[in-house]
Amino acid sequence: MRKKNNSKTVKQAVKPVEVKKEETVAQQVSEPKADVKADVKAEVEKAVEKTTEKVEKAVEKTTEKVAEVKADVKDTVKKTTAKAAKAAKTAKEAKPAKKEPVKPEIIVQYQNSEVDTAAVEERVKAQFVAEGHKAGFIRKLNIYIKPEEYSAYYVINDKFSGRVDLF
């Protein structure tokens, strides 16, 4: 158990002072809060402005680069298209014409006389036209050369036939 101190001789050395702790702390804290908020807000705004400027510069640079690349691509496309057109034109010109089959020159010799078959063909066509037909009407031409008779026989389009002298 505890003893009760009945002595009233001890006086308190320090008088309690009423301090309004809440008010002073609140005043000290509230003032810095407003300043801190303003400082932080200003710093954030500056950081945002700097970042915005950097982003805008990056966008401008990228836009310029895109414009340059676009111009380069257009030039390349124009050049390539021109080259392709020129190559196609050259290819058309360079393509050899359809090769006609080699037509040999045939010469028939008989008893010290000779005749070229091309000349015989011309005589056959001339006689056909002289008979009143058109030269363009000839689709098929067969020529039979008989040197012993000194003549060539022909059949045109399996309908018309005739004879020409060889020599």
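Just so it is clear, the values below take in all heavy atoms, side chains as well, and ignore hydrogens, waters and symmetry mates.
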Could you report the tightest heavy-atom contact between [X] and [Y], atom names first, then the distance?
{"X": "Leu166", "Y": "Pro147", "result": "CD1-CA, 3.8 Å"}
{"X": "Ile138", "Y": "Leu141", "result": "CG2-CB, 4.3 Å"}
{"X": "Lys146", "Y": "Tyr153", "result": "CD-CE1, 3.7 Å"}
{"X": "Tyr154", "Y": "Glu131", "result": "OH-OE2, 3.5 Å"}

Answer with yes or no whether the hydrophobic clustering places [X] together with [Y]; edges join I, L, V, M, F, W, Y residues whose side-chain heavy atoms lie under 4.5 Å apart.
{"X": "Phe160", "Y": "Tyr144", "answer": "no"}
{"X": "Val124", "Y": "Phe167", "answer": "yes"}
{"X": "Val155", "Y": "Val120", "answer": "no"}
{"X": "Tyr150", "Y": "Ile145", "answer": "yes"}

| Are the charged groups of Lys125 and Glu121 less than 4.0 angstrom apart, N to O? | yes

Do the side chain of [X] and the main chain of [Y] share a donor and acceptor less than 3.5 angstrom apart?
{"X": "Asn157", "Y": "Phe137", "answer": "yes"}
{"X": "Gln127", "Y": "Gly162", "answer": "no"}
{"X": "Thr117", "Y": "Ile106", "answer": "yes"}
{"X": "Arg123", "Y": "Asp165", "answer": "yes"}

Measuring from [X]:[atom1] to [Y]:[atom2], what's the distance to the nearest 0.5 Å?
{"X": "Lys159", "Y": "His133", "atom1": "NZ", "atom2": "NE2", "answer": "11.0 Å"}
{"X": "Glu68", "Y": "Thr63", "atom1": "CD", "atom2": "OG1", "answer": "11.0 Å"}
{"X": "Asp72", "Y": "Lys79", "atom1": "CG", "atom2": "NZ", "answer": "8.5 Å"}

**OP:** State, with a plain yes or no, whether a side-chain heavy atom of Asp116 is found less than 4.5 Å away from one of Glu105.
**Re:** yes

**Request:** Carefully, step by step, assess Ser151 and Glu149 under the rule side chain to side chain contact (heavy atoms under 4.5 Å, CB included).
**Result:** CA-CA 5 Å; Ser151 57; Glu149 294 180 10; 3.6 Å; yes

Worked verdict on Ile156 versus Lys140 for side chain to side chain contact (heavy atoms under 4.5 Å, CB included):
CA-CA 6 Å; Ile156 297 177; Lys140 184 177 178 185; over 6 Å; no

